[in-house]
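Beneath this line is the structure, given in structure tokens, with notes to follow.
Reminder, nothing fancy here: chain letters follow the sequence lines and each chain counts from 1. The figures that follow rest on heavy atoms only: side chains count, while hydrogens, waters and symmetry mates do not.
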Amino acid sequence: MNKFYITTPIYYVNAKPHLGGVYTTLAADVLARWHRMKGEKVFFLIGTDEHGEKIAKKAEEQKMTPQQLCDQNAARYEQAWDTFSISYDRFIRTTDPEHEKTVTDVMKDIYNKKLIYKGTYHGLYCVDCERYYTAKELVDGCCPLHQKKAVVLSEKCYFFKLSAFQRPLLKMILKNEWIIEPEERRNEVLGFLKNEKLEDLAISREKVKWGIPVPWDNSQTIYVWIDALLNYLSGINWHPNEEKRPEQWPPDIQLIGKDILKFHTIIWPAMLLSLGIPLPKKIYAHGFFTVEGQKMSKSLGNIIDPEELAVTFGAEALRWMILSLFPFGQDGDISQTKFYDKYNAELSNGLGNFHRRVLTLAAKKDIYPLHEADDFKRKIKSVWEKYETSLDHLKFESALTSINDLIGFCDKYINQKEPWKLFKKDIAEYQKVLYNLLEGLRHLGWLIQPFMPEKSNQIFASLGLDNLEKEKPLTKGKQWGQTEFKKTIIGEILFPRL
RNA sequence: CGCGGGGUAGUAGCAAUGGCAGCUCGCCAGGCCCAUAACCUGGAGGUUGCAGGUUCGAAUCCUGCCCCCGCAACCA
């Protein structure tokens with residue numbers, strides 16, 4: 001049995017779940033479910049990133065300890081993932097003791113390999129904020145919050161010899177030993193590695209107290225990004241001894257947003273090369289949302305809250321819509337109107353209406369015996385082919401298009417055959433036509449399963465099949481003519497029109 | 001010349017990386033009455049940002065220009 005280890009980034013707990021994170025996580029969940037459906041041994045890791053100055057500061061503002069703040073916000077994430085039916089195998093938190101142990105082990109290992117050295121970090125520091133700013137963030141050299149001149153400050157810290165990995169990484173990308181998708185993102189990293197000089201990375205901080213201590217120097221804590229990236233190891237119970245390494249390693253795919261591309265395609269593999277372990281098989285960076293052409297941001301006040309969307313449309317519908325709006329990997333524009341359009345067009349008028357149409361017709365008889373139907377069989381086969389290729393290449397929107405295609409085919413078939421007339425004059429033919437349609441619906445139940453698991457169950461239930469279907473392997477389920485249909489149930493409207 | 005992406009029918013949204021330019025929504029006309037005012041058929045509507053080039057053939061490849069967006073080490 002093939003294993004399939006998939007990860008999302010861990011989210012920073014200083015705020016509630018953001019649409020971007022929900023997007024990554026939904027995509028990952030669809031993949032996880034798809035690979036499970038194919039019979040693979042899936043391990044799906046998600047989590048929260050909880051250390052760093054921002055958390056400490058926020059906790060102080062709210063008169064809590066950092067740990068209390070983290071607990072509170074991590075719970076909100078868990079709740080959100082529950083709402084969206086995220087089928088994760090583990091929720092790792094960077095404040096988990098196992099994680100801290102892994103970070104300590106890994107850092108020691110890299111330190112022992114002489115890839116970490118002591119140095120001095122110089123940065124622009126705002127005394128009032130008690131934090132460093134990048135030159136870009138400053139306005140006329142002043143802190144944007146306090147309008148005070150930032151001062152150049154130095155502190156002792158440890159550096160990771162990132163510069164040593166510039167050439168090896170470049171080579172590995174060119175030889176496709178290190179796979180970054182989609183192509184645009186690969187080009188971006190390649191361009192960066194070719195044109196810019198990679199500098200050693202400050203991986204510890206003296207002033208940040210809320211973090212994991214540097215194992216050999218308690219006056220320092222580990223830089224949050226280094227801490228965070230290692231969750232992909234701690235999440236599968238990493239062990240420093242080679243014989244006790246978890247079987248899940250390496251990840252088969254790691255999904256990220258394009259904003260954290262460099263962390264995952266430069267720093268992360270450099271750390272793994274330092275450890276001498278295999279790199280993830282693939283990093284896939286998806287695009288961003290714009291809202292009616294503009295960047296989604298707090299200052300513009302155009303933030304779309306995923307949990308509110310789930311209330312309006314239902315979590316399952318949202319899972320479908322968000323992945324069908326534009327190709328994964330690219331940027332895409334969204335708006336409230338678009339969600340309504342999608343929902344009504346594809347879910348209410350499409351899948352939902354078809355479901356009800358067929359079941360209302362099916363209620364006219366009790367039994368629909370199994371039989372062969374070449375045209376239907378061919379169509380369903382070609383839909384499955386397109387669907388599978390699409391999902392294997394992370395083309396979610398294209399997989400969903402193939403589902404819509406099957407619904408369209410079935411709707412046309414009803415209009416052509418006019419089964420409500422056949423019922424009055426040719427019962428045998430009527431039963432055949434309905435069998436085909438019910439079988440079409442059964443396949444739709446399978447096809448939507450990774451995207452809308454609950455709705456998929458509802459469809460099976462209304463076909464009177466229920467658990468019978470779920471126990472079948474995919475190879476069997478996707479074949480024509482599994483069973484006769486009896487005692488179908490109309491049930492509730494799948495997607496009420498909005 | 002910092003890096004990367006993009007400009008396709010209605011002031012709407014997106015497919016299509018060399019082979020007759022398609023889909024969603026909207027609009028117009030018809031059909032059906034099983035269904036959630038739904039579904040089906042037909043129609044109008046594009047010199048694919050501009051200008052050159054390669055090719056039997058270009059939205060797609062090359063060159064130049066115009067415009068938009070993201071990134072530039074800690075905000076998905």
Side-chain angles (χ1 to χ4, degrees), chain A residues 8-9 11-12 14-15 17-25 49 52-54 131-137 162 182-196 198-199 201-202 223-226 228 256-263 266-267 286-290 292-298 306 324-327 329-335 337-338 340-342 344-350 352-364 397-398 401 404-405 407-408 410-423 434 437 490 493-498:
Chain A
T8 69
Y11 304 109
Y12 206 51
N14 64 341
H18 181 280
L19 188 62
V22 169
Y23 184 55
T24 320
T25 309
D49 180 9
E53 207 168 57
K54 275 188 201 164
R131 62 161 281 200
Y132 286 97
Y133 280 94
T134 58
K136 185 191 78 168
E137 289 176 309
L162 187 61
E183 179 116 36
E184 304 93 273
R185 300 279 91 82
R186 178 178 182 264
N187 290 342
E188 197 173 328
V189 178
L190 270 178
F192 182 80
L193 286 174
K194 278 181 192 162
N195 302 321
E196 312 279 323
L198 212 53
E199 290 183 22
L201 181 73
Y223 171 44
V224 288
W225 261 105
I226 297 294
I256 58 169
K258 66 176 184 178
D259 56 324
I260 49 176
L261 183 67
K262 284 179 190 166
F263 297 102
I266 295 173
I267 299 176
H286 65 71
F288 273 15
F289 297 106
T290 52
E292 291 174 39
Q294 288 183 302
K295 184 173 172 167
M296 200 191 306
S297 76
K298 280 177 197 146
S324 76
L325 282 167
F326 55 92
Q330 296 180 23
D331 287 351
D333 194 58
I334 60 170
S335 65
T337 320
K338 281 182 192 170
Y340 277 100
D341 285 352
K342 267 283 173 201
N344 284 327
E346 292 179 0
L347 296 174
S348 294
N349 300 348
N353 182 58
F354 171 67
H355 171 256
R356 197 162 177 82
R357 262 185 119 175
V358 173
L359 289 165
T360 308
L361 287 165
K364 289 173 186 288
E397 115 290 350
S398 155
T401 302
N404 286 333
D405 184 31
I407 297 167
C410 291
D411 269 329
K412 270 185 201 84
Y413 185 78
I414 300 183
N415 283 51
Q416 276 162 17
K417 296 288 180 183
E418 303 186 307
W420 53 92
K421 285 184 186 165
L422 286 176
F423 182 70
L434 257 290
L437 291 167
I490 297 178
I493 286 181
L494 286 181
F495 305 98
R497 210 162 196 287
L498 294 175

- In whole angstrom, what separates A:W420's CH2 from B:rC34's P? 7 Å

- Just how far, in rounded Å, is P of B:rC40 from CG of A:N349? 9 Å

- Rounded to whole angstrom, note down the P distance from B:rA76 over to B:rG49. 33 Å

- salt bridge (Lys or Arg N to Asp or Glu O under 4.0 Å) filter on A:E397, not counting sequence neighbours, yields none

- Toward the 5' end of RNA chain B, which comes first, A:K342 or A:V189, by nearest nucleotide? A:V189

- Message: Under 4.0 Å, heavy atoms only, any strand: does A:I260 hit a base, just the sugar-phosphate, or nothing?
- Response: sugar-phosphate

- Task: Any chance you could measure A:N353, atom CG, to A:I407, atom CD1, to the nearest 0.5 Å?
- Result: 10.0 Å

- What residues, two or more places apart in sequence or in another chain, satisfy salt bridge (Lys or Arg N to Asp or Glu O under 4.0 Å) together with A:K417? none

- Message: Is the phosphate of B:rC3 approached by A:K262 (side-chain N or O, under 4.0 Å from OP1 or OP2)?
- Response: no

- Message: Regarding A:P419, tell me which of base, sugar-phosphate or nothing describes its non-hydrogen contacts under 4.0 Å with the strands shown.
- Response: nothing

- Query: Is it true that a side-chain atom of A:N344 and a backbone atom of A:L498 form a donor plus acceptor pair closer than 3.5 Å?
  - Reply: yes

- Query: Between A:N187 and B:rG5, does any side-chain N or O lie under 4.0 Å from OP1 or OP2?
  - Reply: yes

- Message: Does B:rU36 have its OP1 or OP2 closer than 4.0 Å to a side-chain nitrogen or oxygen of A:R356?
- Response: yes

- Item | P-based separation of B:rG4 from B:rC61 [nearest Å] | 15 Å

- Message: Using the rule given for side chain to side chain contact (heavy atoms under 4.5 Å, CB included), can you reason through A:L437 versus A:F354, listing the C-alpha separation, both sets of side-chain angles and the distance that settles it, and then say yes or no?
- Response: CA-CA 9 Å; A:L437 291 167; A:F354 171 67; 4.1 Å; yes

- Item | d(NZ, A:K258; P, B:rG70) in whole Å | 8 Å

- Minimum-distance nucleotide (side-chain atoms of A:E418 versus B:rC32, B:rA73, B:rA76): B:rC32

- Task: Using a 4.0 Å heavy-atom cut-off across all strands, classify A:K364 as base, sugar-phosphate, or nothing.
- Result: nothing

- Query: When all nucleic acid strands are considered with a 4.0 Å heavy-atom cut-off, which category describes A:T360: base, sugar-phosphate, or nothing?
  - Reply: sugar-phosphate

- Query: For A:I414 and A:P419, which heavy atoms make the closest approach, and how far apart are they?
  - Reply: O-CD, 3.4 Å

- RNA chain B nearest-nucleotide lookup for A:D341 and A:H355: closer to the 5′ end is A:D341

- Any idea which of B:rA76, B:rC34, B:rA73 is nearest the A:R357 side chain? B:rC34

- Item | B:rA29 to B:rC62 separation - P atoms, rounded to the nearest Å | 47 Å

- Check: A:L494 and A:L347 side chains under 4.5 Å, non-hydrogen atoms: no

- Item | A:Y12 versus A:E53, closest heavy-atom pair with distance | OH-N, 4.4 Å

- Taking only the side-chain nitrogens and oxygens of A:N344, find out if one of them lies under 4.0 Å from OP1 or OP2 of B:rC25. no

- Query: Counting just side-chain N and O atoms, does A:K417 come under 4.0 Å of either OP1 or OP2 of B:rC34?
  - Reply: no

- Message: What contact category does A:Y11 fall into here, base, sugar-phosphate, or nothing, at under 4.0 angstrom with non-hydrogen atoms?
- Response: sugar-phosphate

- Would you find a donor on one side and an acceptor on the other, under 3.5 Å apart, between the side chain of A:S348 and the backbone of A:F495? yes

- Do you know which two heavy atoms are closest between A:K364 and A:F423, and how far apart they sit? CB-CE1, 3.6 Å

- Message: I want to check one thing: is the phosphate of B:rC39, taken as OP1 and OP2, less than 4.0 Å away from some side-chain N or O of A:K412?
- Response: no

- May I have the distance from A:L359 (atom CG) to B:rC34 (atom C1'), rounded to whole angstrom? 11 Å

- Rounded to whole Å, the CG-C1' distance (A:L261 to B:rG5) equals 13 Å

- Item | Closest non-hydrogen atom pair, A:K54 against A:N14 | CD-ND2, 4.2 Å

Polar-atom pairs under 3.5 Å, protein N or O versus N or O of nucleotides 11-14 of chain B: list them with distances, or write none.
unit_1 : atom_1 : unit_2 : atom_2 : d
B:rG13 : O3'    : A:K338 : NZ     : 3.2

- Query: Is any side-chain heavy atom of A:W225 less than 4.5 Å from a side-chain heavy atom of A:L201?
  - Reply: no

For nucleotides 26-31 of chain B, list the nitrogen or oxygen atoms of the protein found under 3.5 Å from its nitrogen or oxygen atoms, one pair per line.
unit_1 : atom_1 : unit_2 : atom_2 : d
B:rG31 : N2     : A:N415 : ND2    : 3.3

- Message: Between A:I490 and A:R356, does the side chain to side chain contact (heavy atoms under 4.5 Å, CB included) criterion hold? Intermediate values first, please.
- Response: CA-CA 7 Å; A:I490 297 178; A:R356 197 162 177 82; 3.6 Å; yes

- Span that lies between the P atom of B:rG5 and that of B:rA58, in whole angstrom: 24 Å

- Message: In whole Å, measure the gap between the P atoms of B:rA12 and B:rU47 for me.
- Response: 14 Å

- Query: Which string of ( ) [ ] | and . matches RNA chain B, if you list each base 5' to 3' and count Watson-Crick or G-U pairs only when both distances are under 3.5 Å?
  - Reply: .((((((..(.(((....[..)))).(((((.......))))).....(((((..]....))))))))))).....

- Query: Roughly how far apart, to the nearest Å, are B:rU8 and B:rG22 at atom C1'?
  - Reply: 11 Å

- In short, A:L198 meets A:L193 closest at the heavy-atom pair CD2-CD2, 4.1 Å

- Among all residues two or more places apart in sequence or in another chain, which pass the side chain to side chain donor-acceptor pair (under 3.5 Å) test with A:K262? none

- Between B:rC25 and B:rA15 - C1' atom distance, rounded Å: 15 Å

- Distance, C1' atom - from B:rC67 to B:rG45, rounded to whole angstrom: 25 Å

- Rounded to whole Å, the CZ-P distance (A:F288 to B:rC75) equals 12 Å

- Message: At 4.0 Å (heavy atoms only), tell me whether A:G352 reaches a base, stays on the sugar-phosphate, or touches nothing.
- Response: base

- How is A:V224 classified with respect to the nucleic acid when contacts are heavy atoms under 4.0 Å: base, sugar-phosphate, or nothing? base

- Protein-nucleotide distance (A:E346, atom CD; B:rU36, atom C1'), rounded to Å: 16 Å

- Query: Could you state the CG-C1' distance from A:L190 to B:rG5, rounded to the nearest angstrom?
  - Reply: 15 Å

